[in-house]
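Have a look at the structure below before the remarks.
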Amino acid sequence: MKRTHHCNELRPENLGQTVSLTGWVHSRRDLGGVIFIDIRDREGRTQTVFDPSDLPRELFDQAAALRSECVVRVTGQVRVRPAGTVNSKIPTGEIEVAASNLEVLNIADVLPFPVDDPEVASKVNEELRLKYRYLDLRRPEMARNLRLRSKVATATRFFMDQQGFLEVETPTLFKSTPEGAREFLVPSRINPGQFYALPQSPQQFKQILMVAGIERYFQIARCYRDEDLRADRQPEFTQVDIEMSFIDREDIYALIEGLLKTVWKTALNIDLQAPFKRISFDEALNRYGIDKPDTRFGMELVDFTEEFRTSTFKVFSGTVANGGVVKAINAKGLACATQGQLDAMTETAKGFGAKGLAFIKVEGGDWKSPIVKFFGEAEKAALTKKLAIEEGDLILFAADQWLNACEILGKIRLYCAEILKNQGKLVIPANRFDFLWVIDFPLLSFDKEQNRWYSSHHPFTAPVEEDAGFLKTDPKRVRGQHYDIVVNGVELGGGSIRIHNRELQKTVFEEVLQIPPEETQLRFGYMLEAFKYGAPPHGGIALGFDRMIAILCGTSSIRDVIAFPKTAKGTCLMTDSPSAVSPRQLRDLHIELKAKKENPPAAV
RNA sequence: GGGGGCGUAGCUCAAUUGGUUAGAGCGCUGCCCUGUCACGGCAGAGGUUACGGGUUCGAGCCCCGCCGCUCCCGCCA
């Protein structure tokens with residue numbers, strides 16, 4: 001070994017030992033006579049001292065010439081720092097290594113951005129960080145994220161093993177099953193004109209594994225979706241993928257609660273309280289206007305449909321007459337909202353097809369609002385009571401069909417919470433995690449444009465047993481055995497109990513979803529066939545691993561917990577991918593390009 | 001596909017709203033400095049204001065286009 005200790009190891013107990021440290025030059029303080037060099041490695045940093053009275057001139061000059069991030073090996077004696085020079089900011093701050101030898105293992109050019117200053121480095125343009133990702137990852141903050149990710153992956157594997165699960169790898173060269181997310185395609189050289197698809201998830205394989213009698217499967221699986229990116233979405237991402245046989249929903253809830261308790265304990269030393277709360281899809285929409293509610297704060301939606309059914313304010317009563325609802329939220333203390341903020345909220349509402357956004361500012365004892373003149377006394381009294389209106393409040397209304405009205409206010413609720421947080425009026429402790437299960441989703445949703453039903457989750461989701469009889473007669477009222485796990489307004493994962501009966505699965509494909517039998521056969525024939533030979537009842541779930549790590553690390557972008565992420569346009573700035581390929585490669589793959597060429601590489 | 005934000009020195013930002021030679025801190029280079037840890041001091045180098053057009057006597061600033069990064073909508077069974 002080139003070193004005897006790592007850079008976060010030496011303490012006063014090591015006094016007098018001759019040690020060797022290896023690492024990067026974190027910072028150098030040249031006082032002319034004496035030089036201090038902090039050596040940093042993965043574990044931490046240690047101060048080394050170069051004193052000219054103890055050293056050959058040449059060695060001292062070499063130390064003086066070192067730049068940030070040069071790679072060195074320093075040998076010397078551990079000594080306790082002189083009184084008054086202890087650095088309490090670092091764990092090794094009581095000691096230093098009096099260098100007797102210096103080996104420069106590699107010199108470093110001047111860096112494109114600093115890695116030693118967390119203040120500056122965290123503000124550096126992400127473009128630059130991605131291009132020089134290896135430098136970005138040297139920063140202790142980023143190294144911490146990767147380390148936490150690794151620890152959680154290990155804890156997950158250990159927990160799942162203890163619960164009797166087998167980790168089984170499934171193919172990444174899969175078959176195109178164009179349902180749901182757009183797929184990445186991989187042309188086949190050996191089979192001209194044919195393509196693999198990268199899996200959006202191992203969904204079908206894990207169900208087949210249940211038919212195969214594995215009973216308990218899990219995988220920390222890479223998944224691929226060719227959709228537009230977001231702060232929490234990458235084209236390739238990682239799921240903790242799980243499937244079990246002979247179970248009900250309750251078994252999944254218990255398993256995942258156990259897993260998350262273990263993970264939170266491992267990563268943050270936090271004891272989560274289980275069982276988690278459960279909320280139905282309807283209630284989530286009614287109270288929070290979203291199917292992944294952030295319950296760390298109130299501002300819940302309140303229904304005023306009955307109060308405005310006979311109102312003289314036609315905008316509201318008319319909506320009710322058309323089968324719609326009237327809902328409102330009280331953004332406590334936000335009467336100070338600027339016109340710009342109100343405009344932004346109105347735009348949100350309009351984005352959902354609303355004509356505008358009705359509001360009341362409660363300021364100076366007055367209700368300031370363009371619509372309040374239309375309200376009767378009874379209506380005002382009801383608002384005051386049900387919304388607990390006080391001075392300084394901002395009331396916002398949505399009148400629309402139920403789902404739309406809920407979703408409008410759901411978005412506005414989050415927007416208002418963001419403003420209140422920035423104003424310091426809403427404070428949420430960083431270590432608060434509101435977990436909940438969202439259940440009783442509708443199995444099907446209706447696509448007006450295509451005039452057909454589609455699966456809210458995916459077509460393998462089993463209906464709730466007592467609703468199954470309505471599949472053909474009243475699809476709308478059928479609830480799915482689907483569940484989402486949500487924390488702090490983030491969808492961490494979801495899953496369902498699957499259909500294990502071939503006939504029911506065929507009915508869903510062909511009669512409910514109206515997929516032609518030939519197409520069903522083409523896409524899912526092998527699954528239906530597998531189900532002929534004894535498929536056990538089964539169900540599962542997938543957790544977004546990147547999102548989970550981001551939450552644990554307290555970052556809003558999953559790019560901060562992925563070693564080599566892609567940009568919003570799906571490119572890698574470090575390797576400059578995707579890139580053009582040679583005509584030879586294309587010929588092998590039986591592919592001809594129609595897109596105009598950009599910087600074709602030299603023929604290989 | 002649509003909308004918003006950003007792009008000025010290696011990095012982070014400024015430039016009095018269209019007016020002299022585009023500045024500061026950090027970093028870098030050189031010199032000085034024996035207890036620093038954001039070391040300190042002195043001096044210096046460093047700019048096609050992303051790129052391409054246009055308006056103007058004059059553009060970092062206004063207009064058009066384009067590229068890149070980012071956030072959101074659509075999309076993500």
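- Using a 4.0 Å heavy-atom distance criterion, A/Ser455 is classed as a sugar-phosphate-only contact.
- For the residue pair A/Asp51 and A/Ser53, a side-chain donor N or O sits within less than 3.5 Å of a side-chain acceptor on the partner.
- Checked for salt-bridge contact, A/Glu243 and A/Arg498 meet the test: a charged N lies under 4.0 Å from a carboxylate O.
- Taking atom CG on A/Asp560 and atom P on B/U70, their separation rounds to 11 Å, with Å as the unit.
- In this structure, the side chain of A/Asn145 does not engage the main chain of A/Val561 through any donor-acceptor pair within 3.5 Å.
- Under the 4.0 Å criterion applied to side-chain N and carboxylate O atoms, A/Glu511 and A/Lys506 are not assigned as salt-bridge partners.
- OP1 or OP2 of B/G35 has not a single side-chain nitrogen or oxygen of A/Arg79 nearer than 4.0 Å.
- A donor-acceptor contact closer than 3.5 angstrom is absent between the side chains of A/Arg57 and A/Gln62.
- When heavy atoms are screened at a 4.0 angstrom cut-off, A/Lys131 is found touching no nucleic acid atom at all.
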Dump the pairs, protein N or O against N or O of nucleotides 44-52 of chain B, anything under 3.5 Å, distances to one decimal.
none

Hey, what are the protein-to-nucleotides 65-69 of chain B N/O distances that come in under 3.5 Å?
from, atom 1, to, atom 2, distance (Å)
B/G68, OP2, A/Lys569, NZ, 3.3
B/G68, O2', A/Glu127, OE2, 2.5
B/C69, OP1, A/Thr567, OG1, 3.1
B/C69, OP1, A/Thr571, OG1, 3.2
B/C69, O4', A/Glu127, OE1, 3.3

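- Put simply, NE2 on A/His26 is 14 Å from C1' on B/G27, counting in whole angstrom units.
- In this structure, CZ in A/Arg502 is found 10.5 Å from OG1 in A/Thr507, a value given to the nearest 0.5 Å.
- Remark: A/Asp226 does not engage A/Arg182 in a salt bridge, criterion side-chain N to carboxylate O under 4.0 Å.
- When the C1' atom is compared between B/C42 and B/C33, the two are found 11 Å apart, to the nearest whole Å.
- A donor-acceptor pair is defined here as one N or O able to donate and one able to accept, closer than 3.5 Å; no such pair exists between the side chain of A/Arg477 and the backbone of A/Phe470.
- In this model, a donor atom of one side chain and an acceptor atom of the other lie less than 3.5 Å apart for A/Ser176 and A/Glu183.
- Listed by chain and number, the residues in a side chain to side chain contact (heavy atoms under 4.5 Å, CB included) with A/Glu418 are A/Lys421 (sequence neighbours excluded).
- Between the C1' atoms of B/A14 and B/U8, the separation comes to 9 Å (whole Å).
- For the pair A/Tyr132 OH and B/C11 C1', the computed distance is 12 Å after rounding to whole Å.
- With C1' as the reference atom, B/U21 and B/A15 are 14 Å apart, rounded to whole Å.
- Between the CD atom of A/Glu227 and the C1' atom of B/C75 there is a distance of 5 Å, rounded to whole Å.
- For the side-chain hydrogen bond (donor to acceptor under 3.5 Å, both in side chains) test, residues two or more places apart in sequence or in another chain that qualify with A/Ser456 are A/Ser445.
- Residue A/Arg559 is classed as a sugar-phosphate contact, given heavy-atom separations below 4.0 Å to backbone atoms only.
- Summarising the base pairing, B/G65 is matched to B/C51 through a Watson-Crick or G-U wobble pair whose two defining distances lie under 3.5 Å.
- Annotation: B/G46 and B/A24 have their C1' atoms spaced 14 Å apart (nearest Å).
- A distance of about 23 Å separates the P atoms of B/G23 and B/C28, rounded to the whole Å.
- A/Tyr217 and A/Asp241 form a side-chain donor-acceptor contact under 3.5 Å, judged by distance and modelled atom types alone.
- The base-pairing partner of B/G27, taking Watson-Crick or G-U wobble contacts with both distances under 3.5 Å, does not exist among the strands shown.
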Do any N or O atoms of the protein come closer than 3.5 Å to N or O atoms of nucleotides 22-26 of chain B, and which pairs are they?
none

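- Aromatic ring orientation, A/His500 versus A/His538: perpendicular (interplanar angle above 60°, classes split at 30° and 60°).
- Salt-bridge formation is detected for the pair A/Glu236/A/Arg222: a Lys NZ or Arg NE/NH1/NH2 atom is positioned less than 4.0 Å from an Asp or Glu carboxylate oxygen.
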Protein-nucleotides 3-10 of chain B N/O pairs under 3.5 Å:
from, atom 1, to, atom 2, distance (Å)
B/G10, O2', A/Pro112, O, 2.7

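- Look at the P atom in both B/G65 and B/G5: the space between them is 15 Å, to the nearest Å.
- Comparing the same atom, P, in B/C61 and in B/U56 gives a spacing of 16 Å after rounding to whole Å.
- No engagement by A/Glu347 is indicated, since no non-hydrogen atom pair under 4.0 Å with the nucleic acid exists.
- Scanning atom types as modelled, one donor and one acceptor separated by under 3.5 angstrom connect the side chain of A/Arg233 and the base of B/C76.
- For A/Leu135 and B/C11, the CG to P distance is 13 Å, given to the nearest whole Å.
- The pair A/Arg129-A/Asp560 counts as a salt bridge, with a side-chain nitrogen and a carboxylate oxygen less than 4.0 angstrom apart.
- Applying the Watson-Crick and G-U wobble criteria (two distances, each under 3.5 Å), B/U36 pairs with nothing in any strand.
- To the nearest 0.5 Å, the span separating CG on A/Leu21 from CG on A/Asn8 amounts to 11.0 Å.
- In this structure, B/U17 is classed as syn because its glycosidic torsion stays within 90° of zero.
- The base of B/U36 sits with one of its N or O atoms less than 3.5 Å from a complementary donor or acceptor on the side chain of A/Arg81.
- Here B/U36 is the nucleotide among B/U36, B/C73, B/C39 with the atom lying nearest to any side-chain atom of A/Gln47.
- Map A/Lys123 and A/Gln203 each onto its nearest nucleotide of RNA chain B; the residue landing nearer the 5' end is A/Lys123.
- A/Glu94 places its CD atom 18 Å from the P atom of B/C37, with the value rounded to the nearest Å.
- Here, B/U55 and B/C64 have their C1' atoms 10 Å apart, quoted to the whole Å.
- A salt bridge links A/Arg139 and A/Glu141; the closest N-O separation between the charged side-chain nitrogens and carboxylate oxygens is under 4.0 Å.
- Contact annotation for A/Glu96: base contact, defined as any heavy-atom pair under 4.0 Å involving a base atom.
- Side-chain nitrogen and oxygen atoms of A/Lys411 include none within less than 4.0 Å of the OP1 or OP2 phosphate oxygen of B/C72.
- Among the protein residues, A/Asp30 comes within range of the nucleic acid bases, having at least one heavy atom under 4.0 Å from a base atom.
- Across all strands, A/Arg67 comes closer than 4.0 Å only to sugar-phosphate atoms, never to a base (heavy-atom distances).
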